[in-house]
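Input: a single structure, listed below in structure tokens.
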Amino acid sequence: MRGFFTRFALVFSALALTGQIPATAQDSEPAETRWSFAIHGGAGTISREDMTPEEDAAHRAALQAALDAGSKVLDEGGTAMDAVEAAILLLEDEPRFNAGRGAVYTWEGSHELDASVMDGATRDAGAVAGVTNIRNPILLARKVMTDSPHVMLAGKGAEDFAVEQGIEIVPPSYFDTERRREALERMKARQLSSLDVDLKFGTVGAVALDRNGNMAAGTSTGGMTGKRWGRVGDAPIIGAGTYADNRSCAVSATGWGEYFIRVGVAHEICALLRADRQAARSAAEWDAARAAGPDAVVFVSGVEMPVRFAQDVADDVMDDVKELGGDGGIILVTPEGHALFSFNTAGMYRGRATSDGLNEVAIYGDD
Ligand code: ASP
């Protein structure tokens with residue numbers, strides 16, 4: 001068991017009451033106005049040797065544009081969900097990433113796109129799987145959340161719903177790119193795996209904490225090269241590739257989807273953090289109660305988690321994925337405003353920004 005007694009900074013206002021008279025009282029924390037934001041564009045065998053300086057610069061520019069789009073929404077007081085959408089829209093339209101335009105090919109040479117969103121305030125969620133003609137699947141996932149009684153729609157039904165909702169439809173050829181076609185051909189010719197030809201996962205995702213303390217997560221992908229039989233990965237599965245809960249965190253994942261589904265990565269991280277936060281609060285209440293005496297009623301209103309703690313939880317879950325044989329990475333924001341990454345691959349396209357002035361994009365493990 002992790003030592004949260006030593007690793008949690010317990011920031012709380014303890015109000016101990018004996019009858020009507022406050023025995024001890026501290027002012028509660030001022031209303032929070034901080035925000036934080038993180039994005040990813042896939043994880044994998046991404047090394048400096050395999051990238052030309054132009055490719056490196058182009059990826060960084062695309063990540064920075066998406067990071068800036070989401071950060072602007074948050075900085076101006078917009079919602080976490082709007083920030084997530086703003087960033088993912090740009091990443092879907094950018095052919096370098098495996099989502100929207102530039103999505104990988106299925107075995108049959110088509111594209112089947114998956115996406116999901118989750119709102120941490122309400123735990124409303126929306127997802128689409130296997131859509132073939134939706135320019136921005138993240139918009140459709142959000143519509144499923146806001147304008148349907150369902151959480152997940154798949155295939156033709158999802159596309160019919162998109163038409164009803166006025167979501168932009170494009171010809172399937174819109175998603176074609178030479179680089180991805182070549183990857184499929186190489187895979188078939190040499191009987192390679194998806195990872196051999198792609199070297200990385202190119203799913204995109206974003207997670208945000210807004211100034212009102214609400215969190216959101218979103219993920220969008222073309223899946224894995226050469227997928228067949230209607231295969232669906234973790235990206236549209238709420239709890240696997242995407243999860244948000246104001247009580248714990250918001251997570252978006254990229255990696256070998258089958259393993260992320262089996263571990264329930266995004267929910268697992270949030271559930272562990274929530275349980276630990278509750279345990280820390282109970283510990284703080286015990287401490288305050290002991291100090292206040294036997295007749296006191298003690299309330300602890302907040303428990304602040306150090307960044308290292310959230311990082312350890314995320315790393316533990318990614319270790320679990322690795323032990324099963326899977327790889328990939330996640331991005332995470334916490335109610336405290338931490339924006340974190342955890343990946344068990346050589347690199348991950350990623351970026352993070354906070355109201356404290358942090359603003360960075362990175363690609364390689366040692367970036
Ligand atoms: N997680 C995605 C999937 O399994 C792939 C990726 O991350 O690129 O479909």
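Counting starts at 1 for both ligands and their atoms, in listed order. Computation of the quantities below employed the complete heavy-atom set of this structure, encompassing side-chain atoms and omitting hydrogens, waters and symmetry-equivalent molecules. Here, residue 1 is the first one in the sequence, and each next residue gets the next number.
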Would you confirm whether Asp276, through its side chain, and Leu273, through its main-chain N or O, come within 3.5 Å as a donor-acceptor pair? no

Interfacing atoms of ligand 1 (cut-off 4.0 Å, heavy-atom, Gly257): 4 (O)

With the threshold set at 4.0 Å, does a side-chain nitrogen-carboxylate oxygen contact exist between Arg262 and Asp234? no

Strictly by modelled atom types, are Tyr105 and Asp176 linked by a side-chain donor-acceptor pair under 3.5 Å? yes

Using non-hydrogen atoms of the residue, decide whether Arg231 is closer than 4.0 angstrom to ligand 1. yes

Would Ala235 count as a contact of ligand 1 if the rule is a heavy atom under 4.0 Å away? no

So for ligand 1, is Thr203 a polar contact partner (N or O within less than 3.5 Å, distance only)? yes

Check whether any side-chain N or O of Ser355 sits under 3.5 Å from a backbone N or O of Trp35 as a donor-acceptor pair, and report yes or no. yes

Any heavy atom of Gly255 closer to ligand 1 than 4.0 angstrom? yes

With a cut-off of 4.0 Å, which atoms of ligand 1 are near a heavy atom of Gly223? 5 (C), 9 (O)

For Phe97, ring-ring contact (aromatic ring centres under 6.0 Å, His included) partners two or more places apart: His59, Tyr349

Tell me whether Arg60 is salt-bridged to Asp56, with the criterion being a basic N under 4.0 Å from an acidic carboxylate O. yes

Close-contact set for ligand 1 against Thr254 heavy atoms, below 4.0 Å: 6 (C), 7 (O), 8 (O)

Atoms of ligand 1 less than 4.0 Å from Asp234 heavy atoms? 1 (N), 2 (C), 3 (C), 4 (O)

